[in-house]
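Shown next, in structure tokens, is the structure this report addresses.
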Amino acid sequence: MDGQRFCGLPETLVLDATVSRRAPHARWRVDGNPPGITRDQLRHVVADAMGAWASVAGVTAEETPSAQADLVVTAARLDGGLGVLAQCELPGPPQQRCWVDTSEAWVIDLGNDVPRGKLDIQRVLTHELAHFWGVGHIGDGNLMAPVYSVQIDGPRVGDIAEM
């Protein structure tokens, strides 16, 4: 599955000064989940993905049941299996949305042993949530490359520099 597109944002997405960055603290909530992943599991995945960025970039995020969340993570059919895996809006609207494709075969399994034919939702959401913070795509060998890789399960040096 290496080389699979991560998200619906253009592969050549490079953000400039016209795209704002999100404030360093955010509130998020989960509103729906993809098949095979429970809502509670998705909540934990989002918390862990936010934590991956918090540990390296000075941002913080907390779950909220409030309608005033800065980010709403949900599930929807985007384009069918093995197309766009997920998509997150860039900073701009007061409330951003992140969609996980319900057509994908998701698993929660960080590391290099993701079962064949499955996609690790943790690494996909860690990528997507960097878009939430205002980070664009960068070169291969980084989590923020525009393609999925079982070799990259968290932020790398280039990702951290962009954040």
Side-chain angles (χ1 to χ4, degrees), residues 4-34 37 39-79 83-104 106 108 110 119-139 141-149 152-163:
Q4 184 62 43
R5 287 276 314 268
F6 255 120
C7 64
L9 295 176
E11 286 187 35
T12 57
L13 176 70
V14 177
L15 302 181
D16 59 27
T18 64
V19 176
S20 63
R21 295 280 174 136
R22 184 52 82 173
H25 179 73
R27 297 164 299 156
W28 58 269
R29 77 172 196 264
V30 168
D31 185 19
N33 52 286
I37 304 288
R39 185 175 181 279
D40 280 342
Q41 287 174 318
L42 186 58
R43 288 177 49 240
H44 289 287
V45 166
V46 172
D48 289 347
M50 286 293 198
W53 291 112
S55 70
V56 299
V59 295
T60 59
E62 65 182 321
E63 184 176 14
T64 181
S66 169
Q68 301 303 313
D70 303 303
L71 174 68
V72 177
V73 179
T74 192
R77 180 168 163 67
L78 298 179
D79 66 352
V84 172
L85 307 180
Q87 183 168 321
C88 188
E89 293 176 318
L90 294 171
Q95 186 175 77
Q96 289 167 247
R97 294 213 169 253
C98 178
W99 298 271
V100 177
D101 195 339
T102 57
S103 302
E104 307 300 346
W106 296 109
I108 301 171
L110 282 177
L119 296 161
D120 181 2
I121 196 167
Q122 177 82 39
R123 72 186 73 207
V124 170
L125 279 177
T126 304
H127 171 100
E128 291 303 324
L129 295 183
H131 291 318
F132 165 77
W133 293 108
V135 177
H137 290 143
I138 60 175
N142 293 287
L143 181 66
M144 292 312 296
V147 294
Y148 176 89
S149 171
I152 301 171
D153 60 4
R156 299 292 192 252
V157 173
D159 301 312
I160 295 165
E162 287 294 310
M163 182 62 109

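Positions are given from 1, in the same order as the sequence printed here.
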Which residues pass the side-chain hydrogen bond (donor to acceptor under 3.5 Å, both in side chains) test with [X], sequence neighbours left out?
X: T64; value: none
X: Q95; value: none
X: H44; value: none
X: R39; value: none

For [X], enumerate each residue passing the side-chain contact (heavy atoms from CB on, under 4.5 Å) test, keeping only those at least two apart in sequence or located in another chain.
X: E63; answer: W28, R43
X: P93; answer: E89, Q96
X: D79; answer: V84, D101

- Task: Determine the minimum heavy-atom distance between A49 and T126, stating which atoms define it.
- Result: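 Here A49 and T126 meet closest at CB-OG1, 3.4 Å.
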- Item | Closest contact, heavy atoms only, I152 versus G141 |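 Smallest interatomic distance, heavy atoms only, reads CD1-C, 3.5 Å.
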- Message: Main chain of L90, side chain of H131: is a donor-acceptor contact present, judged purely on distance under 3.5 Å?
- Response: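 A pair under 3.5 Å: no.
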- Item | For I121, the option from N33, I108, V46 that meets side chain to side chain contact (heavy atoms under 4.5 Å, CB included) |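 Single pass found, and it is I108.
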What donor-acceptor contacts under 3.5 angstrom involve side-chain atoms of residues 69-77, with partners at least two apart or in another chain?
{"unit_1": "D70", "atom_1": "OD2", "unit_2": "R27", "atom_2": "N", "d": "2.7"}
{"unit_1": "T74", "atom_1": "OG1", "unit_2": "D31", "atom_2": "O", "d": "2.4"}
{"unit_1": "R77", "atom_1": "NH1", "unit_2": "S103", "atom_2": "OG", "d": "2.7"}

- Query: Who passes salt bridge (Lys or Arg N to Asp or Glu O under 4.0 Å) against R156, sequence neighbours left out?
  - Reply: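 Here the qualifying residues are D153.
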